[in-house]
2 protein chains.
Amino acid sequence: MTGIRKKPRQQRSRATWDAILEAAAQLFGERGYTGTTTNKVAERAGVSIGSLYQYFPNKEALLLALSEQHMEHSGTVLHAVFERLEREHPGLEETVARLVDTTVELHRHNPNMHRLLFEQTPRSPALMARFQRLESLMAAAVGAQLRRLGIAGPRPEARALLLVQSLEAQIHGAVLSPPGGIDTDTLVTEIKALCVASLAS
Amino acid sequence: MTGIRKKPRQQRSRATWDAILEAAAQLFGERGYTGTTTNKVAERAGVSIGSLYQYFPNKEALLLALSEQHMEHSGTVLHAVFERLEREHPGLEETVARLVDTTVELHRHNPNMHRLLFEQTPRSPALMARFQRLESLMAAAVGAQLRRLGIAGPRPEARALLLVQSLEAQIHGAVLSPPGGIDTDTLVTEIKALCVASLAS
DNA sequence: CTGAAATGTGAGATTTACTCGTGTTTGCGT
DNA sequence: ACGCAAACACGAGTAAATCTCACATTTCAG
């Protein structure tokens with residue numbers, strides 16, 4: 001049901017594993033999740049359908065593996081930003097700006113994958129669990145920044161979690177569903193302003 | 001592709017129409033969207049599979065019809081709240097409190113339907129369009145409140161839209177995915193506080 | 001070289017969304 | 001009351017997709 005059926009032990013199988021995921025990423029991006037069939041994924045990857053099911057127990061497992069890669073990347077990038085914040089101790093405005101800007105970049109970098117994971121996909125419990133885990137990590141890091149800036153308030157964890165959820169939703173909307181009449185940059189500026197205002201007691 | 005294939009003209013057919021949607025709501029709630037089959041929906045509704053497809057051109061149409069009902073209800077409730085705000089002109093804090101509380105109630109009222117529409121479902125273009133339309137209406141109404149309170153800022157539409165997205169995400173998370181260690185009421189209180197702070201210039 | 005484990009194969013079993021030809025009920029003009 | 005056209009209901013059957021399984025091929029340690 002979840003994740004991977006068998007881990008590759010030889011390079012040969014690692015290659016087919018990669019080929020399958022690469023083909024899945026391409027086809028999901030081109031035709032959407034429901035629009036791609038496992039047979040077509042196997043075909044484009046140049047392997048038999050049997051090989052696909054040797055490594056991924058079902059279609060959703062392909063999506064989960066892709067989400068794993070994507071979230072790992074996002075986690076790494078954000079981790080670097082938080083480390084730099086710990087080193088340089090910038091003020092509130094600069095801190096918010098850096099976090100918002102990198103999150104915007106993460107959304108801009110591969111919009112298809114983002115749309116795939118957060119819009120076109122039936123969010124299974126497994127996928128939701130992965131997402132919430134990343135959200136928790138982010139909230140913890142944001143909470144640390146709030147404490148550093150002395151604006152953690154009476155409930156640091158709650159405040160941090162809400163900020164993470166808010167920014168995620170706002171940035172996702174601003175980058176991926178640019179609404180009529182307002183351009184993305186305007187929205188990003190306003191996002192930063194609102195966030196700073198809500199914290200500057 | 002979209003919506004309804006044939007509108008009922010006799011009471012008899014109206015009854016089967018209702019039975020089908022009721023069965024769909026139950027099964028979607030119990031087994032999720034991908035976990036329920038149209039055949040099972042027809043079976044539980046006590047009608048033949050042919051009858052189902054007489055009224056709903058495909059599986060997704062069931063979901064769309066359900067979302068229609070749900071959003072119509074939400075729209076009505078929120079419309080009433082905004083009308084009352086126009087009449088009574090409460091201050092910022094009270095305005096935010098009323099909007100947050102009713103949104104929380106809407107989420108609490110039928111969590112399964114909410115989860116269904118916003119988590120378990122592949123968000124088709126049709127569904128996304130409906131959702132964004134509701135979001136736009138909300139943003140317009142919130143914008144009017146901001147102007148009334150004299151806190152619209154330089155870009156009222158942008159600010160209103162961001163507030164709507166933020167509140168939706170935060171409340172959705174607080175009510176439907178109560179995170180470990182923090183209870184819903186604490187989160188709701190903090191949501192109001194953050195929202196008011198971000199607007200009290 | 002050899003055998004066992006790992007990897008690869010693809011026909012087909014199973015499931016599911018959806019169609020279509022046919023039968024039944026309802027409303028209505030006469 | 002009668003008949004008839006339109007609305008409604010039916011369910012076996014079709015096409016297409018997911019996933020299995022019995023067997024073939026490759027790799028590699030000893």
Side-chain angles (χ1 to χ4, degrees), chain A residues 1-24 27-28 30-66 120-122 124 126-127, chain B residues 1-24 26-28 30-66 116 120-122 124 126-127:
Chain A
M1 195 165 289
T2 124
I4 287 158
R5 175 165 285 185
K6 197 190 267 181
K7 285 245 174 171
R9 294 173 122 71
Q10 305 176 359
Q11 287 112 339
R12 158 173 76 138
S13 64
R14 176 80 203 187
T16 80
W17 195 84
D18 288 342
I20 291 168
L21 268 195
E22 170 65 21
L27 285 170
F28 284 161
E30 291 169 19
R31 333 277 281 201
Y33 180 70
T34 51
T36 76
T37 73
T38 50
N39 284 304
K40 290 232 185 89
V41 172
E43 187 189 359
R44 179 167 300 193
V47 303
S48 82
I49 184 64
S51 292
L52 189 154
Y53 279 95
Q54 183 147 32
Y55 296 105
F56 302 95
N58 50 48
K59 191 180 173 181
E60 191 201 324
L62 293 169
L63 197 72
L64 282 179
L66 252 20
Q120 301 181 343
T121 269
S124 64
L127 190 62
Chain B
M1 198 167 289
T2 125
I4 286 158
R5 175 165 284 183
K6 199 189 266 182
K7 284 239 172 172
R9 293 172 122 72
Q10 306 175 359
Q11 286 110 339
R12 158 175 73 140
S13 64
R14 175 80 203 185
T16 79
W17 196 85
D18 288 343
I20 291 168
L21 269 194
E22 170 66 19
Q26 286 179 21
L27 285 170
F28 284 160
E30 291 169 18
R31 333 275 280 202
Y33 179 72
T34 51
T36 81
T37 73
T38 50
N39 286 304
K40 289 228 186 94
V41 172
E43 187 188 359
R44 178 168 303 192
V47 303
S48 82
I49 184 63
S51 294
L52 187 154
Y53 279 95
Q54 184 148 32
Y55 297 104
F56 303 95
N58 49 49
K59 189 180 174 181
E60 191 201 325
L62 293 169
L63 197 71
L64 282 178
L66 251 20
L116 179 67
Q120 301 180 343
T121 268
S124 65
L127 191 62

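First the proteins, then the strands, lettered A, B, ... as listed; each starts at 1.
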Bend angle of the helix from dC1(C)-dG30(D) to dT30(C)-dA1(D), from helix axes over five pairs at each end, nearest 10°: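 If I round to tens, the end axes sit 10° apart.
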
Mind checking what makes side chain to side chain donor-acceptor pair (under 3.5 Å) contact with [X], not counting sequence neighbours?
X: T36(B); result: none
X: T38(A); result: Y53(A)
X: T16(A); result: none

Roughly, in whole Å, what's the span from [atom1] in [X] to [atom2] in [N]?
X: R14(A); N: dT27(D); atom1: CZ; atom2: P; result: 18 Å
X: F56(A); N: dA17(D); atom1: CZ; atom2: C1'; result: 19 Å
X: E43(A); N: dG10(C); atom1: CD; atom2: P; result: 12 Å
X: Q11(B); N: dA9(D); atom1: CD; atom2: C1'; result: 17 Å
X: Y55(B); N: dC18(C); atom1: OH; atom2: P; result: 18 Å

Between [X] and [N], is there a contact of a side-chain N or O with OP1 or OP2 at under 4.0 Å?
X: T16(A); N: dT7(C); value: no
X: S48(B); N: dG11(D); value: no
X: S51(B); N: dC10(D); value: yes

Taking side-chain contact (heavy atoms from CB on, under 4.5 Å) as the definition, give me every residue that meets it alongside [X], ordered by chain and number, with sequence neighbours left out.
X: D18(B); answer: R14(B)
X: T34(B); answer: P122(A)
X: A45(A); answer: A19(A), I20(A), A23(A), V47(A)

Side chain K40(B), main chain G35(B), donor-acceptor under 3.5 Å: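 No, K40(B) side chain to G35(B) backbone: no donor-acceptor pair under 3.5 Å.
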
Letter per nucleotide, 5' to 3', of nucleotides 12-17 of chain C [B base touched, S only sugar-phosphate touched, - untouched; heavy atoms, 4.0 Å]: ----SB

Pairs involving residues 41-57 of chain A, ordered by first then second residue, that meet salt bridge (Lys or Arg N to Asp or Glu O under 4.0 Å) (sequence neighbours left out):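 Matches after skipping sequence neighbours: E30(A)-R44(A).
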
Parallel, tilted or perpendicular, as decided by the 30° and 60° cut-offs, for the rings of W17(B) and F56(B):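 Rings of F56(B) and W17(B): parallel, under 30°.
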
